[in-house]
There are 2 protein chains.
Amino acid sequence: MADDRLSQVFSALADPTRRDIVARLAAGDATVNELAEPYDVTVQAVSKHIRVLEDAGLVSRRRDAQRRPCHLEAEVFDLMTKWIERYRREAEDRFRRLDALLDQMDEQPVTGTPTEEAAS
Amino acid sequence: MADDRLSQVFSALADPTRRDIVARLAAGDATVNELAEPYDVTVQAVSKHIRVLEDAGLVSRRRDAQRRPCHLEAEVFDLMTKWIERYRREAEDRFRRLDALLDQMDEQPVTGTPTEEAAS
DNA sequence: AGGCTATTTAACCAATCGGTTGAATATGCG
DNA sequence: CGCATATTCAACCGATTGGTTAAATAGCCT
């Protein structure tokens with residue numbers, strides 16, 4: 001994986017277990033053990049998943065005695081949505097222009113040369 | 001990588017070269033060779049990248065003689081934005097409720113027991 | 001048919017990933 | 001202190017990834 005922030009975030013969310021962890025953290029903070037409970041992998045594996053989310057900036061952690069509760073940092077989502085929305089909009093605009101062109105051709109079929117069109 | 005659609009899409013966009021390809025396709029369709037030109041990897045490597053984007057449903061392809069022009073399928077972005085927005089909203093709502101609670105405590109500091117509060 | 005261009009397939013390689021087990025570290029509690 | 005709990009670190013393993021080179025396939029053009 002490339003080490004830029006956007007790549008890290010997309011990559012972190014490319015794993016279903018990590019997405020599920022994020023989903024659960026959206027409802028409230030939780031410790032590693034709490035998060036690990038529903039999955040049938042070891043707590044060490046979950047600890048690694050959390051590390052990935054933390055490195056991506058999606059999760060931050062407090063200290064509470066021997067516990068390390070996780071907190072979702074939802075602002076990072078903005079990075080993704082901005083990227084996504086930008087290119088979605090570009091593609092949709094292009095699509096709309098094509099639609100408009102087709103409508104225009106429907107009303108006024110192109111039968112001659114561009115020169116003829118310019119003369120009208 | 002898990003084989004569910006959302007994982008595929010996130011995973012496909014976790015690579016900067018593939019994100020750049022998507023960005024360029026947002027401006028208009030292009031062939032494999034055209035897409036490969038600016039990068040200093042082989043055209044075969046780019047062909048593989050396009051395959052990944054295609055499998056994720058982000059790109060579709062026409063046939064034009066020996067060329068295979070790529071077209072961006074922006075609808076798939078919806079899958080991601082829906083997922084992201086859902087949990088972002090949940091986390092922000094939680095944050096807002098916490099804010100409201102803090103404001104309330106500011107106006108009316110908690111000095112007694114819950115029983116006292118109920119009696120007032 | 002034969003050659004040129006565009007693209008994919010195959011086989012390989014080093015690095016990374018997601019998982020494991022086992023040991024280490026950190027902190028609260030009696 | 002000594003023990004239990006929570007979490008991480010280290011070493012390892014098989015599968016996947018992103019790249020390579022070399023060969024195969026597909027479809028123009030003369």
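FYI, side chains are in, hydrogens and waters are out, and symmetry mates aren't considered; it's all heavy atoms of this structure. Below, chains carry the letters A, B, ... as their sequence lines are ordered, and counting in each starts from 1.
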| field | pair K48(B)-V41(B): side-chain heavy atoms closer than 4.5 Å | value | no
Atom pairs under 3.5 Å: protein N/O with N/O of nucleotides 6-12 of chain D:
unit_1: dT7(D); atom_1: OP1; unit_2: V32(A); atom_2: N; d: 3.4
unit_1: dT7(D); atom_1: OP1; unit_2: R68(A); atom_2: N; d: 3.2
unit_1: dT7(D); atom_1: OP2; unit_2: N33(A); atom_2: N; d: 2.7
unit_1: dT7(D); atom_1: OP2; unit_2: N33(A); atom_2: ND2; d: 2.7
unit_1: dT8(D); atom_1: OP1; unit_2: R61(A); atom_2: NH1; d: 2.8
unit_1: dT8(D); atom_1: OP1; unit_2: R61(A); atom_2: NH2; d: 3.3
unit_1: dT8(D); atom_1: OP2; unit_2: S47(A); atom_2: OG; d: 2.6

| message | Between R63(A) and R68(A), is there a side-chain heavy-atom distance shorter than 4.5 Å? | response | yes
| remark: Between D93(A) and the options R97(A), R96(A), R89(A), the salt bridge (Lys or Arg N to Asp or Glu O under 4.0 Å) test singles out R96(A)
| Does R63(A) or D40(A) map to a spot on DNA chain C nearer the 5' end, using the closest nucleotide for each? | D40(A)
| task | On DNA chain C, reading 5' to 3', which nucleotide is the first and which the last to sit with an atom under 4.0 Å from a heavy atom of chain B, could you check? | result | dT5(C) to dA11(C)
| query | Would you say F10(A) and V9(B) make side-chain contact, with heavy atoms under 4.5 Å? | reply | no
| What pairs with R24(B) under salt bridge (charged side-chain N to carboxylate O under 4.0 Å, His left out), at least two apart in sequence or on another chain? | none
| field | Validation row: T31(A), D64(A) side chains within 4.5 angstrom (heavy atoms) | value | no
| field | salt_bridge(R94(A), D29(B)) N-O dist < 4.0 Å | value | yes
| message | Tell me the interatomic distance from D55(B), atom CG, to dG18(D), atom P, rounded to whole angstroms. | response | 12 Å
| query | Would E90(B) and L72(A) satisfy side chain to side chain contact (heavy atoms under 4.5 Å, CB included), going step by step from the backbone distance to the final call? | reply | CA-CA 11 Å; E90(B) 243 180 81; L72(A) 184 62; over 6 Å; no
